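Structure first, commentary second.
Note that the coordinates shown come from a computational prediction; the quantities given were computed from them, not determined experimentally. Throughout, numbering of the chain's residues begins at 1 and tracks the sequence.
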Amino acid sequence: MAQRAGLSAERVVRAGADLADEIGFEQTTPAALARRLGVRTASLYSHVRGVHDLKTGIALLALEELADRVGAAIAGRAGKDALTAFANAYRDYARRHPGRFVAARYPLDPAAAAASAGGRHAAMTRAILRGYDLDEPAQTHAVRLLGSVFSGFVGLESAGGFDHSAPASEESWIEILGALDILLRTWPAP
């Protein structure tokens with residue numbers, strides 16, 4: 001019985017997030033999670049309605065955790081220091097929690113997206129960009145650029161895309177952050 005197993009919606013989602021980090025977000029299903037928890041799959045359905053609900057819960061957890069880490073990293077920083085802290089917190093989270101990192105990009109329905117920490121992510125990115133004195137629409141373009149660069153680099157790095165060539169990915173990361181800082185300071189006028 002679910003209550004005897006000590007299950008709750010929060011425990012199920014956290015266990016799902018841990019499983020996603022181990023086996024991959026795409027492979028995380030209620031059946032795989034039930035095996036991990038030693039319960040019947042039907043026992044989970046008291047807490048999650050199915051695979052979409054489980055994945056949405058993991059995505060929301062990942063967005064919240066990542067926002068907390070990034071927020072702590074950038075507190076009191078500005079300019080390149082804030083940009084670097086933001087990027088490093090993002091990258092460190094992806095390395096420690098590869099399944100959650102993928103989950104953070106899971107498509108959310110409008111209600112879940114509105115309730116998520118996604119807005120905090122956008123606000124923190126815009127806070128960093130205030131140090132670069134960017135007006136709209138350049139600020140929105142820069143938010144999209146940073147998200148694309150960080151997500152793309154971390155995704156390629158985690159997939160081993162940089163393992164077979166020199167220089168080391170760490171050196172490229174530092175160079176890229178420096179180049180982004182220069183670009184943001186000298187953003188072209190419309």
Practice problem: For the residue pair H97 and Y93, categorise the inter-ring angle as parallel (less than 30°), tilted (30 to 60°) or perpendicular (more than 60°). | Solution: tilted
Quiz item: What pair of heavy atoms forms the shortest contact from T186 to I182, and how long is it?
Solution: OG1-O, 2.7 Å
Self-check item: Check against side chain to side chain contact (heavy atoms under 4.5 Å, CB included), L145 and W187
Solution: CA-CA 12 Å; L145 171 72; W187 195 271; 4.0 Å; yes
Exercise. Please report the closest heavy-atom contact between L19 and T28, naming both atoms and the distance.
Key: C-OG1, 3.9 Å
Quiz item: Going by heavy atoms in the side chains, are T29 and L33 under 4.5 Å from each other?
Solution: no
Quiz item: Is there a side-chain contact between L44 and L37 (heavy atoms, below 4.5 Å)?
Solution: yes
Self-check item: Side-chain donor/acceptor of S43 to backbone N/O of V39, under 3.5 Å
Solution: no
Quiz item: How would you list all residue pairs meeting side chain to side chain donor-acceptor pair (under 3.5 Å) that involve residues 112-134, not counting sequence neighbours?
Solution: E64-R120, D68-R120, R126-E136, R126-Q139, R126-T140, Y132-D181
Quiz prompt | F162 side chain reached by W173 side chain, heavy atoms, under 4.5 Å | solution = no
Quiz item: How far does CG of L66 sit from CG of D92, to the nearest 0.5 angstrom?
Solution: 10.5 Å
Quiz item: So with a 6.0 Å cut-off around CD of Q27, is the heavy-atom count from everything else above 12?
Solution: yes
Quiz item: With side chains defined as the heavy atoms from C-beta onward, is the minimum distance between F86 and L177 less than 4.5 Å?
Solution: no
Practice problem: Quick one: closest heavy-atom pair of A117 and A67, and the distance? | Solution: CB-CB, 4.0 Å
Self-check item: Minimum heavy-atom distance P188-L183, with the two atoms named
Solution: CD-CD1, 4.4 Å
Quiz item: Between V154 and A94, what is the shortest heavy-atom contact and its length?
Solution: CG1-CB, 3.0 Å
Exercise. Kindly compute the distance separating CG (L83) from CD1 (I74), expressed to the nearest 0.5 Å.
Key: 10.5 Å
Quiz item: With side chains defined as the heavy atoms from C-beta onward, is the minimum distance between T84 and I174 less than 4.5 Å?
Solution: no
Exercise. Find out whether E10 and V13 are in side-chain contact, i.e. whether some heavy atom of one side chain is under 4.5 Å from a heavy atom of the other.
Key: no
Self-check item: Check: Y45 main-chain N/O paired with R49 side-chain donor or acceptor under 3.5 Å
Solution: no
Quiz item: Considering the options R11, R36, R96, R100, which one meets the salt bridge (Lys or Arg N to Asp or Glu O under 4.0 Å) requirement together with D18?
Solution: R100
Quiz item: With hydrophobic residues grouped by side-chain heavy-atom distances under 4.5 Å, do V51 and L54 end up in a single group?
Solution: no
Practice problem: Taking all non-hydrogen atoms of both residues into account, name the closest pair between A112 and L60 and its distance. | Solution: O-CD2, 3.7 Å
Quiz item: Between D109 and T56, is a side chain to side chain contact (heavy atoms under 4.5 Å, CB included) present by the stated rule, with each step listed?
Solution: CA-CA 9 Å; D109 64 54; T56 296; 5.7 Å; no
Quiz prompt | Residue pairs, two or more places apart or on separate chains, that pass ring-ring contact (aromatic ring centres under 6.0 Å, His included) and touch residues 6-41 | solution = F25-Y106
Self-check item: R95 atom CZ, neighbour heavy-atom count above 12 within 6.0 Å
Solution: yes
Quiz item: Got S169 and R91 here, is their nearest side-chain heavy-atom distance under 4.5 Å?
Solution: yes
Self-check item: R35 side chain near R40 side chain, heavy-atom distance below 4.5 Å
Solution: no
Quiz item: Any cation-pi pair here, R105 with F101, using under 6.0 Å and within 45°?
Solution: yes
